[in-house]
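Report on one structure; see the data block that follows.
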Amino acid sequence: MKYSAVIFDLDGVICHTDHYHYMSWKQIANDLSIYFDENINNRLRGVSRMESLEIILEKYNGRLTNEEKMMYAEKKNNIYRSLLSEMSPADLSDDVRKTLVQLKKKGYMLAIGSSSKNAKFILNKLGLGDFFDTVSDGTNITRSKPDPEVFIRAREYLKVTSEKCIVVEDAKSGIEAAIAANMDCAAIGDAVLCGLATYNLNRLSDLLLFL
Ligand code: BG6
Ligand code: MG
């Protein structure tokens with residue numbers, strides 16, 4: 001086998017929580033009368049909560065103190081968490097479920113590589129709390145994507161080399177992080193547009209065409 005481990009991004013790859021991020025930031029942008037749309041939202045994919053806020057504030061006419069920024073980031077997270085609280089295993093699509101089960105059957109080690117501090121909460125909601133061999137997330141990194149740290153941590157936990165890993169990402173920042181980690185990568189959704197990935201997927205199960 002060319003690869004022995006598959007490292008999945010979470011938001012926008014395993015589940016549709018990328019849309020919940022968008023809805024939550026939209027409320028914050030509305031509160032501050034800031035223009036915000038799906039295109040700006042695509043720049044938030046893979047980057048940390050505070051970095052996301054800074055991107056949104058590029059279109060803000062006023063200035064916020066650090067305390068105010070912290071307050072808005074927390075407010076966004078509270079809106080986001082209330083959307084997450086409604087999630088259940090039914091939020092895992094058949095395509096994602098089938099792909100994960102098949103890859104495990106084929107003997108691949110499976111990991112999560114996500115910038116989110118809510119990753120474990122989401123995995124539990126989806127009924128995937130114990131499914132992955134390791135979870136590298138926003139709680140164990142100091143720099144978010146496009147820095148490769150989150151993927152390097154994942155492969156260290158799995159004890160494999162970068163050449164044996166393939167990353168699956170919906171974010172341009174995530175594809176750049178995989179490349180910086182010397183890992184091959186498969187793009188899905190918005191990440192396909194950057195044209196930098198080793199493979200492009202229409203749906204997650206396309207992985208099964210070559211893994
Ligand atoms: C990433 C998302 O997975 O996690 C980003 O793509 C988000 O949009 C980042 O900002 C941090 O998430 P959280 O849940 O810690 O606010
Ligand atoms: Mg993502």
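Atoms within a ligand are numbered from 1 in the order they appear, just like the ligands themselves. Atom set for the values below is all heavy atoms of this structure, side chains included, hydrogens, waters and symmetry mates excluded. Quick caveat: nothing in here was measured; it's all calculated off a predicted structure.
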List the closest protein heavy-atom neighbour of atom 6 (O) of ligand 1: residue, atom name, distance to the nearest 0.1 Å. Gly46 N, 2.8 Å
Same hydrophobic cluster for Met87 and Leu10, using side-chain heavy-atom links shorter than 4.5 Å among ILVMFWY? yes
Is any N or O atom of Ser52, backbone or side chain, closer than 3.5 Å to an N or O atom of ligand 1? yes
Nearest-neighbour protein heavy atom for atom 8 (O) of ligand 1, which is reported as residue plus atom name and distance: Leu44 O, 2.9 Å
Would you check the N or O atoms of Arg45, main chain and side chain alike, for any that come under 3.5 Å of an N or O of ligand 1? no
The Mg ion (ligand 2) has as its nearest N, O or S atom from Asp11 the atom O
Counting each atom of ligand 1 from 1 as listed, which ones have a heavy atom of Tyr80 under 4.0 Å away? 14 (O)
Atom 16 (O) of ligand 1 - nearest protein heavy atom and its distance: Arg49 NE, 2.7 Å
Taking all non-hydrogen atoms of both residues into account, name the closest pair between Gly12 and Ile188 and its distance. O-CG2, 4.3 Å
Could you check which N/O/S atom of Asp9 is closest to the Mg ion (ligand 2)? OD2
Is it the case that one hydrophobic cluster holds both Leu103 and Ile112, taking links as side-chain heavy atoms less than 4.5 Å apart, direct or via other members? yes
Rounded distance (nearest 0.5 Å) linking atom CE of Met109 with atom CG of Asp133: 7.0 Å
Are Glu54 and Lys69 ion-paired here, with the side-chain N under 4.0 Å from a carboxylate O? yes
In terms of side-chain geometry, is the basic nitrogen of Asp184 or Lys2 positioned less than 4.0 Å from the acidic oxygen of its partner? yes
Work out which heavy atom in Gly46 is nearest to a heavy atom in Ser115; give both atom names and the distance. O-OG, 2.6 Å
With atom 5 (C) of ligand 1 as the reference point, say which of Val47, Asp9, Asp11 has the nearest heavy atom. Val47
For Asn118, the ligand 1 atoms with a heavy-atom partner under 4.0 Å come out as 13 (P), 14 (O)
Side chain to side chain contact (heavy atoms under 4.5 Å, CB included) between Leu211 and Lys106: does it pass, once the steps are laid out? CA-CA 9 Å; Leu211 292 181; Lys106 288 181 179 211; 5.6 Å; no
Mode of Lys117 contact toward ligand 1 - side chain, backbone, both, neither (heavy atoms, under 4.0 Å): both
Do Val150 and Ile7 have side-chain heavy atoms sitting under 4.5 Å apart? no
N or O contact, Trp25 vs ligand 1, cut-off under 3.5 Å: no
Do any nitrogen or oxygen atoms of Ser115 lie less than 3.5 angstrom from nitrogen or oxygen atoms of ligand 1? no
Ion pair check, Asp94 and Arg97, cut-off under 4.0 Å: no
Identify, by name, the N, O or S atom of Asp170 lying closest to the Mg ion (ligand 2). OD1
Close approach of Ser48 to ligand 1, heavy atoms, under 4.0 angstrom: yes
